[in-house]
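Have a look at the structure below before the remarks.
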Amino acid sequence: MDLMLLTGLLASGVRFAMPLLFAALGETVGQKSGVLNVGLEGIMLVGAFLAVAFSVATGSPWGGLLAATLGGAAMGLLHGFFAVRLKVDQIVSGLALILLGLGLSGFGYRLIFAGHQSIRVPGFERLDLGPLSDLPVLGPLLFSHHLLAYVGIFMAVGLWWILTRTGLGLTIRAVGENPKAADSVGIDVDKVRMRCAAFGGAMAGIGGAYLSTAQLAGFVEDMVAGRGFIAIACVVFARWNPLGVLAVALIFGIADAGQIRLQPFFPQIPYQFFIILPYVLALVALAGSAKSASLPAALAQPYRKA
Amino acid sequence: MTVPVLELTRLSKRYGEVTAVAGLSLKLEPGEVVALLGENGAGKSTVVNMITGMTRPDTGQIHLQGKEVHLDTPRDALDRGIGVVHQHYALVGNFTVAETLALGRAGPGVLDRKVLHADVRRVAERIGMQMDPAALVGSLDVAGQQRVEILKALSRKVSLLVLDEPTAVLSPEDAARLFDVVRALRADGVAILMVTHRLADVFAVCDRAAVMHAGHLVCDLPVASATKQGLISAMISGNTDMAQLPGLPVQANVLPDRPPTPVSDTPIRVSVRNLKLLRANGSQAVQGLGFDIRAGEIMALAGIDGNGQSELVQCLAGLNLPDDGTAEICGCRSDGHWTPRLLRNAGVAHVPDDRRRYGIISDLSLSANMMLSHFFSPRYGRTVLDRARARDDTRRAIDEYDIRTTGPDQPIGRLSGGNQQKLVLARELLAGPRVILAAHPSRGLDIRTIGAVQDILRRQRDAGAAILLVSADLDEIRALADRVVVLAAGTAFGPVAMADTDMAQIGAWMAGHA
Ligand SMILES: Nc1ncnc2c1ncn2[C@@H]1O[C@H](COP(=O)(O)OP(=O)(O)OP(=O)(O)O)[C@@H](O)[C@H]1O
Ligand SMILES: [Mg+2]
């Protein structure tokens with residue numbers, strides 16, 4: 001493989017990784033606080049839809065991004081309301097979110113865009129750092145992504161720092177490890193969890209927005225196509241470490257970019273085999289990290305006071 | 001005249017039809033250590049919960065330093081200078097000691113480890129305690145974790161410290177260290193309320209003894225004028241007439257020293273050879289352990305918690321496989337099939353040490369919990385569960401063990417700790433087991449029930465059961481064991497016959513000296 005091909009592969013790998021990265025970072029924070037949200041898929045769909053709708057309406061991708069973030073946060077809060085406040089089984093509530101997201105986004109899209117032949121979605125501009133972006137290899141790899149991609153990478157580092165080095169991180173981890181311990185020192189467990197759930201939702205919304213306005217340009221029903229689940233796999237595989245999440249999301253992104261590029265080389269193999277590659281990778285990753293000491297001890301367990 | 005630190009006035013709390021606490025009034029002066037005594041279910045933990053903001057009283061007032069307060073949440077209690085060490089610790093295993101103390105106190109911003117560590121040292125020094133601020137809480141033994149809980153309480157300004165059964169899990173040495181801390185705090189003017197089942201604790205550090213019976217405070221007197229018999233009488237019968245001893249069947253405080261009767265002709269039921277067990281974190285729990293237990297004998301497994309006892313019992317119960325060596329129970333071998341179901345069918349009963357994790361399901365009723373150990377036996381039917389029979393068994397257990405409950409259908413989580421333990425025991429001994437693995441069977445039980453449980457174990461032994469008794473309580477070991485093996489820091493001492501050793505020797509082994 002020549003250098004150009006490799007550079008292209010890695011650069012598009014980074015792009016493919018971003019939706020996963022945002023969703024997985026949000027889920028990491030949620031799970032660290034004990035809230036498992038298997039409904040990322042649904043939230044990402046709503047985010048993707050809202051981003052398209054509001055980008056078109058406001059004429060700016062940032063308007064879309066804002067709408068997706070808020071919509072995601074609202075769905076995260078909804079999950080929190082059921083799973084944290086009402087203590088509904090977190091899996092059940094998460095599954096409900098998937099269905100809700102599928103329905104809302106598909107219905108909303110038809111409602112607004114039915115009949116429109118082609119809509120032009122204002123996309124994010126790529127960062128142009130002049131000579132830096134023109135550098136061979138490094139240029140396309142490091143200096144020519146959407147601004148949002150750099151935000152994602154920055155957030156991975158920032159969240160890692162917050163979780164490990166600050167009082168806020170201590171509180172979140174305590175709530176997810178032993179809510180009783182947190183409660184006994186006066187921390188409002190449910191409040192912390194609600195906020196983490198909302199944050200997780202907002203991040204999944206951003207992930208969806210990235211997908212529909214930065215990576216692709218437009219909305220298609222069920223366009224998230226399992227990325228919400230891969231994001232959850234990323235969290236587990238990265239052992240709940242945001243830096244690990246960055247690395248794992250990149251691996252998945254590159255695998256995804258790679259399978260697309262491999263398809264033309266092997267026309268005799270049905271292309272579906274290539275498409276499932278990242279999912280197989282996720283399965284293998286999950287099987288390999290089944291029993292991990294970093295699993296938050298109170299994950300998915302509602303907290304009831306004595 | 002000093003203002004009392006804490007004054008409870010006619011506190012009452014009902015749960016449904018159960019009156020947990022009835023019109024209790026109690027006062028604590030600064031620098032006073034008060035013992036709160038009472039049988040299982042007397043209402044002690046409920047009092048603790050009301051003082052610490054975990055539950056709200058139905059009626060009555062709480063005054064702190066002369067001012068009436070309403071403690072709706074644990075935070076309210078903390079903010080008003082009430083520290084508490086609950087019976088079950090609330091610690092995060094993968095936090096360091098310093099992080100544990102910072103939780104809830106540090107702001108959301110950056111944590112300065114140096115400052116946090118200095119903080120830990122400062123609090124520890126105040127009461128003459130040794131503590132490594134960087135140690136992971138999960139790597140400490142029970143006594144160490146309790147010290148962390150105490151430091152956690154003291155890291156805020158406290159005028160009242162509440163301890164719920166602090167000595168239940170401690171070795172005699174660690175209990176003595178705890179008492180030193182209590183004395184240091186008393187000298188500092190902190191008032192201390194200590195719930196306990198051990199009368200020795202009362203006479204060791206307490207100034208006053210308050211006894212509860214069925215929710216009522218039946219006596220409150222200076223320790224100097226209390227007698228052991230008097231306190232027991234008040235606990236058991238609610239009788240405040242100190243001179244009168246109740247005519248109840250068990251005087252458990254004076255356990256008769258039973259001449260150990262070694263058996264050598266009965267069949268071997270449990271056999272352990274060169275056993276090696278690792279902890280979940282990979283460290284070595286047990287190494288080169290070997291012993292036999294014959295039908296009709298009680299082997300005590302002595303030692304301070306955390307020295308491999310739980311791992312050994314879990315292995316023998318079929319929950320773990322040995323990492324080396326073999327175990328054999330009633331014809332089942334650990335190198336063949338080795339599962340809890342198989343061992344249960346072979347007649348093994350298991351009273352686990354971590355009751356809330358392995359012993360009960362809190363949300364299920366007493367009778368459903370009764371069925372748990374007999375799930376694969378035909379006792380309650382093979383296909384359709386015979387609930388009526390389970391309810392009958394439960395009802396009988398309630399009578400026999402004097403379990404304080406509203407009936408077989410009450411969720412077991414609503415019972416007091418000691419009463420939960422009684423049901424576990426009743427369930428395990430129900431079907432006439434051939435081997436009994438009893439891990440701290442009397443932990444958290446009141447004196448009378450301890451006597452009853454020990455009686456039952458003796459009767460089971462005489463009926464031919466082989467019993468492994470895990471205990472850190474020398475009195476209990478002396479009262480029950482025929483032989484003893486001691487686990488300390490990964491090494492095993494013994495087994496020896498009780499006749500060939502003495503308590504001093506066993507105590508030394510428990511501390512790790514050969
Ligand atoms: N949440 C609850 N719901 C219903 N009943 C309860 C609840 N908590 C306690 N009780 C009942 O109140 C009574 C007093 O219980 P408490 O836990 O205060 O006893 P205790 O003195 O601490 O006993 P132990 O020595 O066994 O710990 C018991 O009969 C118990 O069943
Ligand atoms: Mg209690």
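The sequence lines fix the lettering, A, B, ..., with proteins before strands; numbering per chain opens at 1.
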Exercise. Measuring from A:K180:NZ to B:H86:NE2, what's the distance to the nearest 0.5 Å?
Worked result: 6.0 Å

For this session: Quick one: pull up OG in A:S184 and CG in B:L91 and give me the separation to the nearest 0.5 Å.
Result: 8.0 Å

Exercise. So, for A:T164 and B:R113, which heavy atoms are closest and what is the spacing to 0.1 Å?
Worked result: O-NH2, 3.2 Å

Exercise. What residue among A:T166, A:L168, A:T171, A:I172 forms side-chain contact (heavy atoms from CB on, under 4.5 Å) with B:P108?
Worked result: A:L168

Problem set entry | Heavy atoms of other groups near A:F82 CZ, more than 12 under 6.0 Å | no

Problem set entry | Sub-4.5 Å side-chain heavy-atom contact between B:N94 and A:E177 | yes

Exercise. Taking atom NZ of A:K87 as the centre, does the number of heavy atoms from other residues, nucleotides or ligands within less than 6.0 Å exceed 12?
Worked result: yes

Exercise. Within a reach of under 6.0 Å around CZ of B:R14, are more than 12 heavy atoms found that belong to other residues, nucleotides or ligands?
Worked result: yes

For this session: For residues A:L170 and B:F95, report the shortest heavy-atom separation together with the two atoms involved.
Result: O-CZ, 3.5 Å

Exercise. Is atom OH of B:Y15 surrounded by more than 12 heavy atoms (other residues, nucleotides or ligands) closer than 6.0 Å?
Worked result: yes

Seminar exercise, completed: Distance col, row A:D183:CG vs B:M54:CE, nearest 0.5 angstrom, shows 6.0 Å

Problem set entry | Pairwise side-chain contact, A:D188 with B:R75, heavy-atom cut-off 4.5 Å (strictly under) | no

For this session: Give the member of B:T52, B:L78, B:D112 that has the highest number of heavy-atom pairs under 4.5 Å with chain A.
Result: B:L78

Exercise. Could you give the distance from CD1 (A:I187) to OG1 (B:T73), rounded to the nearest 0.5 Å?
Worked result: 12.5 Å

Problem set entry | Nearest heavy-atom neighbours spanning B:V92 and A:A181 | CG2-CB, 4.1 Å

Seminar exercise, completed: Cut-off 4.5 Å, heavy atoms of chain A, and the answer for B:R156 is side chain

